[in-house]
*Asks:* 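First the structure, then my questions, so here it is.
As the structure lists them, so they are numbered: ligands from 1, and atoms in each ligand from 1.
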Amino acid sequence: MRILVVGGGAREHAIVHALSRSELRPEILAAPGNPGIASLARLEAVRADDVEALVTLAVERSVDLVIVGPEAPLVLGLADRLETAGIAVFGPTAAAARLEGSKAFAKDFMERHGIPTAAYRTFTSDRHAEAVDFVRNHGAPIVIKASGLAAGKGAVVCESVDDALRAVDAMLLDRSFGEAGDFVVVESFLRGEEASLFAVCDGERYVLLSSAQDHKRIGEDDTGPNTGGMGAYAPAPVATETVLEAARRRVIEPTLRGMRAEGAPYRGVLYVGLMIDGEDISVVEYNCRFGDPEAQVVLPLLASDPVELFHRAATGRLAGYEPRNGDGAAACVVLAAEGYPGPVSKGRPIAGLGSTRPHVAVYHAGTAIDGEGRTVTSGGRVLTVSASGSDLAEALDRAYEGVANLSFEGMQFRRDIGRKGLRRLGLAP
Ligand code: AMP
Ligand code: GLY
């Protein structure tokens with residue numbers, strides 16, 4: 001089987017790594033991939049959001065299955081175009097990807113189908129005065145979100161009404177998020193702890209992979225600005241059996257039924273960002289793809305063949321199939337460049353990539369090969385060090401031992417990844 005993986009981050013490196021261990025021995029192409037992926041797949045110089053070129057590539061190379069990593073090409077209709085071309089694709093159509101591409105759509109959808117989520121109102125720029133009234137009447141804390149894709153930066157959690165009004169002005173008047181801010185969702189603040197759930201769907205049925213927990217803030221103890229994610233672990237103890245059962249019944253199943261009923265059956269991975277407060281659950285967001293860095297811990301835990309899983313989902317054949325998740329845990333730490341999540345300096349040589357350790361994988365994201373053949377930094381999140389172990393403590397120890405081998409000037413990472421999980425397990429104060 002020939003598989004094309006679309007994307008070039010650490011998530012896609014983890015996907016390619018999982019595929020490369022399959023007993024089905026697929027031939028793997030990646031577009032555009034990255035220097036880490038290059039050792040496992042053939043790289044194709046096509047951008048991840050160039051839908052036309054990706055379809056042409058898949059047809060010309062007679063690809064059997066396309067696995068799409070990031071959201072942008074899905075929202076632009078890559079899956080629709082591949083389906084028309086007769087190529088199996090793991091990833092939702094543009095209509096189904098609206099669950100991520102339009103928060104206004106997602107919120108209205110949840111309301112239509114009785115799926116638990118924070119109370120909200122949606123506003124457009126001609127309704128700016130109403131948005132201001134609504135925020136004043138509601139009070140803080142309150143959350144202001146650009147409806148469209150904003151690279152994980154479109155949600156502002158506001159501790160004061162003034163902050164909230166500034167965010168509303170920035171989105172609706174100053175157009176700080178461009179078109180993504182045409183619609184602004186204003187919603188109530190949810191208390192609790194978040195977990196990420198991953199349902200692999202074939203349009204009708206689904207199977208649940210391991211839960212995970214991300215660390216969105218740049219600073220330890222969840223301080224400082226939001227990032228794309230600074231580390232993760234799986235499974236997330238906060239997502240207890242009771243929580244998972246409630247999420248299946250009250251979120252995942254009604255979501256899949258609702259999408260089918262609305263003529264947009266969901267195929268691919270449905271990522272549910274869930275706020276958990278005791279046994280109370282609410283959807284914070286849907287994403288139409290794997291999380292990054294969650295994929296770097298969820299996929300290493302998958303004990304079943306990933307090629308079979310993705311191919312079955314892409315071709316509507318999940319009936320009677322139940323993948324196995326390994327018993328242990330996985331944890332990962334993101335190594336970011338100086339300045340991240342703001343502008344970063346690039347071109348810094350990375351030391352230590354040659355050394356390997358059992359149970360540890362180093363996934364590339366913002367890396368490049370310079371004129372002298374050295375691997376250097378080329379983005380905000382540079383590497384993800386992921387490790388598995390018999391439990392969370394062992395996985396974390398191994399991940400941090402892996403981190404200790406690596407260095408580049410200005411490297412930053414969080415030293416408290418997994419601490420909340422260890423506390424829930426009674427393994428940390
Ligand atoms: P989103 O862009 O919707 O994924 O939101 C980004 C992050 O903002 C989430 O992962 C939460 O940490 C936080 N957030 C979003 N909505 C809420 C909410 N209603 N209550 C509390 N925190 C939220
Ligand atoms: N880790 C958060 C995301 O992928 O959106």
Side-chain angles (χ1 to χ4, degrees), residues 7 9-12 14-15 69-72 74-75 97 99-107 110 116-122 138 140-159 163-164 167 171 177 180-181 183-198 211-218 222-234 236 238 269-277 280-299 332 334 336 341 363 365 380-381 384 386 414 417 420:
R11 167 182 52 206
E12 289 75 24
I15 292 171
E71 63 278 11
L74 294 166
V75 170
L99 283 178
E100 173 166 3
S102 166
K103 288 185 194 290
F105 170 82
K107 295 295 289 191
M110 286 187 267
T117 189
Y120 74 104
R121 284 271 305 270
T122 302
H138 182 287
I142 189 167
V143 185
I144 315 292
K145 298 181 176 181
S147 175
L149 290 185
K153 289 171 189 141
V156 191
V157 178
C158 303
E159 306 291 341
D163 283 353
M171 289 180 199
F177 287 94
F183 293 83
V184 166
V185 173
V186 179
E187 69 176 36
S188 298
F189 178 78
L190 296 165
R191 258 163 247 291
E193 195 176 326
E194 285 178 81
S196 308
L197 307 187
F198 300 94
S211 64
Q213 189 171 63
D214 188 11
H215 298 63
K216 291 194 199 274
R217 307 296 194 96
I218 187 74
D222 299 327
T223 53
N226 266 334
T227 68
M230 292 301 291
Y233 61 95
V238 67
V269 61
L270 177 70
Y271 164 154
V272 178
L274 202 65
M275 189 67 85
I276 303 163
D277 189 12
D280 245 26
I281 57 168
S282 294
V283 176
V284 177
E285 59 168 340
Y286 290 111
N287 292 312
C288 62
R289 42 144 185 107
F290 274 113
D292 184 346
E294 290 99 320
Q296 293 93 298
V297 288
V298 169
L299 292 175
C332 73
V334 170
Y363 296 124
R381 291 192 290 175
T384 301
S386 177
R414 279 179 60 164
I417 301 303
K420 273 193 229 149

*Asks:* Show the atoms of ligand 2 that are less than 4.0 angstrom away from any heavy atom in Gly228.
*Replies:* 1 (N), 2 (C)

*Asks:* Within the side chain of Thr384, is there an N or O that forms a donor-acceptor pair under 3.5 Å with the backbone of Val334?
*Replies:* no

*Asks:* One residue to check: Arg191. Relative to ligand 1, which of side chain, backbone, both or neither has a non-hydrogen atom less than 4.0 Å away?
*Replies:* neither

*Asks:* Under a heavy-atom criterion of less than 4.0 Å, does Ala232 contact ligand 2?
*Replies:* no

*Asks:* Going by the atom numbers of ligand 2, which of them fall below 4.0 Å from some non-hydrogen atom of Asp214?
*Replies:* 1 (N), 2 (C)

*Asks:* Relative to atom 11 (C) of ligand 1, which among Met275, Glu194, Glu187 owns the nearest non-hydrogen atom?
*Replies:* Glu194

*Asks:* Does any part of the side chain of Ile281, heavy atoms only, come nearer than 4.5 Å to the side chain of Met275, both counted from C-beta?
*Replies:* no

*Asks:* What atoms of ligand 1 come closer than 4.0 angstrom to any heavy atom of Ala155?
*Replies:* 1 (P), 2 (O), 5 (O), 6 (C)

*Asks:* Less than 4.5 Å apart, any side-chain heavy atom of Thr227 and any of Pro341?
*Replies:* yes

*Asks:* Would you say the side-chain atoms of His215 pair up with the backbone N or O of Ile417, donor to acceptor, closer than 3.5 Å?
*Replies:* no

*Asks:* Can you find a heavy atom in the side chain of Arg11 that is under 4.5 Å from one in the side chain of Gln296?
*Replies:* yes

*Asks:* Check the angle between the aromatic planes of Phe290 and Phe198 and answer parallel, tilted or perpendicular using the 30° and 60° thresholds.
*Replies:* tilted

*Asks:* Determine whether any heavy atom of Gly229 lies closer than 4.0 Å to an atom of ligand 2.
*Replies:* no

*Asks:* For atom 10 (O) of ligand 1, which candidate among Lys145, Lys216, Arg217 holds the nearest heavy atom?
*Replies:* Lys216

*Asks:* Taking only heavy atoms of Val143, which atoms of ligand 1 are found under 4.0 Å from at least one of them?
*Replies:* 16 (N), 17 (C), 18 (C), 19 (N), 20 (N)

*Asks:* Is any side-chain heavy atom of Pro70 closer than 4.5 Å to one of Arg289?
*Replies:* no

*Asks:* Under a 4.5 Å cut-off applied to non-hydrogen side-chain atoms, are Glu193 and Gln213 in contact?
*Replies:* yes

*Asks:* Please step through side-chain contact (heavy atoms from CB on, under 4.5 Å) for the pair Ile142 and Val186, ending with a clear verdict.
*Replies:* CA-CA 7 Å; Ile142 189 167; Val186 179; 3.5 Å; yes

*Asks:* Could you tell me whether the side chain of Thr117 reaches within less than 4.5 Å of the side chain of Lys107, counting heavy atoms only?
*Replies:* yes

*Asks:* So for ligand 1, is Ala118 a polar contact partner (N or O within less than 3.5 Å, distance only)?
*Replies:* no

*Asks:* Looking at non-hydrogen atoms alone, which of Arg289, Lys216, Arg11, Glu100 comes nearest to atom 4 (O) of ligand 2?
*Replies:* Arg289

*Asks:* Using the side-chain contact (heavy atoms from CB on, under 4.5 Å) rule, take Tyr120 and Lys145 through it: C-alpha gap first, then chi angles, then the decisive distance, then the call.
*Replies:* CA-CA 10 Å; Tyr120 74 104; Lys145 298 181 176 181; over 6 Å; no

*Asks:* Assess the residue pair Glu100 and Asn287 against the criterion (side-chain contact (heavy atoms from CB on, under 4.5 Å)); give the C-alpha distance rounded to whole Å, side-chain angles, the decisive distance to 0.1 Å, and a yes or no.
*Replies:* CA-CA 5 Å; Glu100 173 166 3; Asn287 292 312; 3.1 Å; yes

*Asks:* Looking only at heavy atoms of Pro141, does any of them come nearer than 4.0 Å to an atom of ligand 1?
*Replies:* no

*Asks:* Under 3.5 Å, N or O to N or O, is Asn226 touching ligand 1 that way?
*Replies:* no

*Asks:* Ligand 1 versus Leu190, non-hydrogen atoms closer than 4.0 Å: side chain, backbone, both, neither?
*Replies:* both

*Asks:* Which of the atoms of ligand 2 are close to Asn287, meaning less than 4.0 Å from one of its heavy atoms?
*Replies:* 5 (O)

*Asks:* Below 4.0 angstrom from a heavy atom of Lys103, which ligand 1 atoms are there? Numbered from 1 as shown, please.
*Replies:* 1 (P), 2 (O), 3 (O)

*Asks:* Should you measure from each heavy atom of Gly291, which atoms of ligand 2 turn up under 4.0 Å away?
*Replies:* 4 (O)

*Asks:* Flag Glu285 as yes when one of its N or O atoms lies below 3.5 Å from any N or O atom of ligand 2, and as no otherwise.
*Replies:* no

*Asks:* Under 4.0 Å from a heavy atom of Phe189: give me the atoms of ligand 1 that qualify, with their elements.
*Replies:* 20 (N), 21 (C)

